[in-house]
Structures are given as structure tokens and as C-alpha cells.
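One structure is given below, encoded as C-alpha cells.
Letters A, B, ... mirror the listed sequences (proteins, then strands); counts begin at 1.
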Amino acid sequence: MAKLDFNFYQQHDANTKRTKKLNIMLPFIIILVLAIISGFLAVLTIPENSSSYWLGVQILLSKSSYWKWMLILFVTWYLSIVVWSKHILNEPIDQFMTSCYAEKVKPYERHFFPEVQTLDDVVSELAIAYGIKKPDVYIAHWSIEPNAFAITDSNGQSAVAITQSLLQMLNREELSGVIGHELAHIKANDSKTTLSFALYATGLGCAAILGLALIMSGFKLRGNGLVIDIILTCLILIGFVFLIAGAIGDFCATILKFAMSRTREYDADAMSANVNQSPDGLISALTKLDQWVKDYKAGKYDNEKYDPMYDTKKSFSGRFASLYFVSNKTHLFDDHPSTKDRIKRLKEIQ
Amino acid sequence: MLLLIIIIILAICIGIWLINTYNNLVALRTHVDESWSQIDVQLQRRNDLIPNLVSTVKGYSKFESSTLEKVTALRSQLQNIPENADLNKIMTKSNELSNCLRSIFAVSENYPKLQASSEYTNLMEELKNTENKIAYSRQLYNSTVANYDQTILSFPQKLVANMYHFTKKDYLKTDEKAKQVPKVEF
């Protein structure tokens, strides 16, 4: 991977190019999987030469039945993903925030709590800087873990949330860096991107499960007559194809999903440095987070209140663009790059 | 016959591309115009907040009386500029006002007793916020201009831009006085 030794714009551009590349790779994987499946289906439905499947594969590409199956499968699968995504993305933001134990900041609170005033001001300033509508601000009061996240709705409404713990920890410059990072996710519509990748991966996983179901039911229902046995054998073969192709596709799409998520995180860091005209705020905030994690692991916070957010966080991987992830190195299946890598990249911007 | 169909399809594709490019250029130019007028919104907001500042800081007026007088004078000058005046003129005057306010910041940082007053810190936060908003709206203007300029100078959008007279726009210049460190005198 080339050394990103650039100024603000070039790092952001490099990240955007990488995002586009990942966006293009996903359809290729899907088409590969569908090609394998439709290949076998077309072979099974050719009337002649059905005794020799290899010959069937050879004349496959010239047969219109292959492309017909490709088209049918692709359209069905794509439409089901679209319908499913519309259903999931319709969860309203305030419902989501309640499940994360975050409360909306009310207009009068800024007069009572100076840190709420600072937060509100920073969010409105940076919304102007990005040229987006000011998102709703939520604070999670009951969490000892410092974290922040931003989400967008399918209606275009957006919200940014921060925990009380993080708000106490940061000064204005660092807060500006962190909120800049979160608003960058809103500006780049990252909720939609990561969710769609997650859905494609899950869709392929469903194909694998469908294949498994076909195999098992095929074996169960045997012995009810010759015609039924022939049909069931075909279904079992189709089931194997779905299973293997779906499993491979799911694995590749999952890797792509996590790679995309990491790229978006790097890009949000670059955009935040861009908008604040300096990476220092965010570097200092990430360093503080690192220190907090070390303290937490050393047991400094064992007597504090229990964190109710801990269990809910894990189940929202599709929509949750949270600030950081606890790790020393970046692994293949991490959805955030490690804090050390992020600080390293940010320091290269000068 | 086939050639004719190919030519027609090609012409349709080029037509669609032309329409999309033109619409994109119009959208970018509209963003530039909008962000230019949004700067005025922020300047107006600061103008309206000045009386509050003056009345709060008057309590500590030993330190800043001359600066306060300057601030009040500039504000009334800004109020007297007619509505339809050139925004550049308004911005020049506003830059002078920024300079005055900056020196108030510098003075207040030297007096810890001032900082203990919550009303004062509250007001400082308001001022910081206002100045930041003005700065960010200027930054947004510059980045929309950069986007617009980049698009009209790139090939092949350049051809459409020249055809329909989309001209390059200028960035906001920093006031020379703002580049100097504010002098703290009292």
C-alpha cells in the first residue's frame, strides 16, 4: 500500500478512489456467484446432452437459457435486497437512539451546562463548514465508555450522538476534531454505504442457507417414487451449488464490507482534518481514547456504573459508525482501523 | 440501416451527457452563490449580538474602554451601510470589527478573574462560536468555489462551460490587517 504522505486533499482523494474501487468489486463478486449458480441451473435445464454435464458446460455460453437464468436470478435477488433494505432503513432515528440510551439535547440545556453549550456550538459550526443541515444532537448520559457515532435515515434526517464520558474528556479543539469526523460520515452518507454492503453479504449468506435447506429436504423426502426421486436429485444438486457459491460469496462480500468500513473511517479522519484545517484536534482526542482504553483494561474503572450500551452496540453493525475500536493492530475483520494506524495517518498530514 | 441506428443512439447519449453536464454546472454555480450570501447571514448575526457584548463587558470596562468604543462605532457604521451595497464593502468593515473583537479576546486571556465569571465565559463562548461560524462560512465559500473552478476547467466539462459562459470565480482574500498579530494595549 503506497505511503500516504500527503496534504489534506490528497489523502481524502486517495480514500475516495479506494471507496470507488471497493464499490465496483462488490458487483463483480455477486455476478461471479450468480454466474456459477446460473451455469448449473442452465445445464440442468438443457433438454439435449443432459447425460454429459461437461459438454453442457462447454456449449453453455452460447445458450440463451444461461443468460435467461442469470437475468432471472439477478433481478429476483436485487429486488429482494431493495425491499428488505427499505424495510430496515425505515426505523426512525429517535427509536434507535432510545435503544442506545441516548437523549436528545433540549434547547434550554445549553444555558445550564457549559459543555452542552460547547457541543451544540461546535456541531452547528461544523454543519456550516460541511454545507449540511445541522443534525440532531444526542447525549448518552449513562455510559462510562467514551464514544460517539453518527447515523442517517432513509428520509435524509441525520443525528450525531456522544457519550457524557467523552464530552467531559475533551477540550474544544479536540471536540471539533471528533465532531468533524462524525459529520464527515453524515456528509458522505456512510450509513447507506455500509448498510448496503452488509445487506449484500447477508443476502449471499441466505442463498447458502437456502441451498442447505434444499439439500436436507431433498434427502428427507426420497423414496416416494421414481419421478419424485429424479426431481429431488436435481434439487439436491442445485442446493449444493447454492451452498458453495453462497458461502464463497458471503465470505468475499464480508471481507469487502470490512475493508469498505475501514476506508470510510480513514476518509472521515481526512475530511475532519480538512475541515478543521489541522489534524491536531483529532490526533489528541484519539490519543486520549487510547489512554482511556489502557486504563480500562488495567481495571481503573471497575467500580464505575455498569454500561448499558455494551450489549446493544454489537447488534447494530450495519448502521453504527462509532468513533473507535479497541485494538492494537488492524485485522482483516475489523470495521475500524486501529487508533495507532489512524494517528499515524493523521500525523502525515501537515 | 444499422449505421443509422448506431448514429442515433450515439447522438442520444451525447445529448444526455450534455444535459447532465450543464445541469451539474448550474448546480455548482448555485452552490457558490448560496454560500456567498450565507456569509452575510453570519455577519448580520454577529452584528446583532454586539450590543449584548458591549453591555456585559462594560462591567469590566477598566480594561477595554477604548476597544469597546471602537467596536460600538464600527457597528453603527455597519448598520448605516444601505441594504443593497456591495458585499465586499460590508466584509471590509466586518473584518475591521473582527480585528477589534480579536484584541478583546487577547486582553481577556490575561485576566484570570474575568475568566472566573461564568457570565463572561458564557459570552466568550458565544463570541468564539460567532467568529467560528463566520470563518467556516467563508471556508465553505472557498471550497464551493474550488469545486466549481475545478469542474469548469476540467476536460470535457470545459467545452460545455465555454459554450454557456460559465466563468471562473475568485476566492475570498484574507484582509491584510488580519494577518498581523493583534496588539494588546490598554
Side-chain angles (χ1 to χ4, degrees), chain A residues 7-13 16-17 105 107-135 137 167 170-184 186-188 270-279 281, chain B residues 27-46 49 52 56 98 105 108-109 115-151 154 171-172 174 178-179:
Chain A
N7 64 22
F8 310 129
Y9 306 103
Q10 284 167 308
Q11 220 182 74
H12 170 55
D13 287 342
T16 317
K17 276 203 192 105
V105 164
Y108 59 79
E109 276 180 28
R110 54 180 287 137
H111 298 295
F112 292 108
F113 305 107
E115 67 260 15
V116 174
Q117 182 187 22
T118 321
L119 175 67
D120 202 32
D121 285 345
V122 166
V123 170
S124 48
E125 285 164 23
L126 288 174
I128 292 174
Y130 276 115
I132 59 175
K133 196 178 79 154
K134 183 188 172 202
V137 183
L167 193 52
L170 302 174
N171 65 24
R172 202 182 203 277
E173 193 191 339
E174 294 161 353
L175 188 63
S176 192
V178 164
I179 300 287
H181 172 104
E182 299 306 329
L183 292 188
I186 294 178
K187 167 113 186 163
M271 280 164 79
S272 171
N274 215 340
V275 123
N276 286 314
Q277 295 290 306
S278 153
Chain B
L28 287 174
R29 187 174 58 188
T30 313
H31 290 326
V32 168
D33 292 338
E34 187 204 356
S35 46
W36 176 249
S37 53
Q38 292 291 33
I39 300 176
D40 193 26
V41 170
Q42 299 305 329
L43 291 173
Q44 189 61 38
R45 180 175 175 268
R46 177 177 65 183
L49 278 178
N52 271 344
T56 310
S98 280
F105 277 130
S108 70
E109 275 162 20
Q115 295 190 4
S117 151
S118 72
E119 193 181 303
Y120 195 77
T121 46
N122 198 1
L123 188 65
M124 280 294 121
E125 169 64 37
E126 284 285 348
L127 271 184
K128 232 185 260 185
N129 176 233
T130 315
E131 292 298 312
N132 278 346
K133 277 188 168 156
I134 294 172
Y136 281 131
S137 59
R138 286 182 173 154
Q139 197 179 301
L140 180 68
Y141 173 74
N142 280 340
S143 60
T144 45
V145 164
N147 228 358
Y148 174 71
D149 282 351
Q150 190 186 344
T151 314
S154 322
Y171 297 103
L172 276 177
T174 321
K179 290 187 188 170

ask   = Would a 4.5 Å heavy-atom cut-off, applied to side chains only, mark A/Leu183 and A/Val275 as touching?
value = no
message = Quick check on B/Tyr171: does its OH atom have over 12 non-hydrogen neighbours (other residues, nucleotides or ligands) under 6.0 Å away?
response = yes
Chain A contact via B/Glu125 - side chain, backbone, both or neither, heavy atoms under 4.5 Å = both
For B/His31 against B/Thr144, the heavy-atom pair lying closest together = CB-CG2, 4.2 Å
ask   = Does the pair A/Arg110 and A/Asp121 meet the rule for a side chain to side chain contact (heavy atoms under 4.5 Å, CB included), with working shown?
value = CA-CA 9 Å; A/Arg110 54 180 287 137; A/Asp121 285 345; 3.2 Å; yes
key: Among A/Ala127, A/Ser124, A/Pro114, A/Ser176, residue most engaged with chain B (heavy-atom pairs, under 4.5 Å)   = A/Ser124
request  = Identify which part of B/Glu34 has an atom lying under 4.5 Å from any heavy atom of chain A, answering side chain, backbone, both or neither.
outcome  = neither
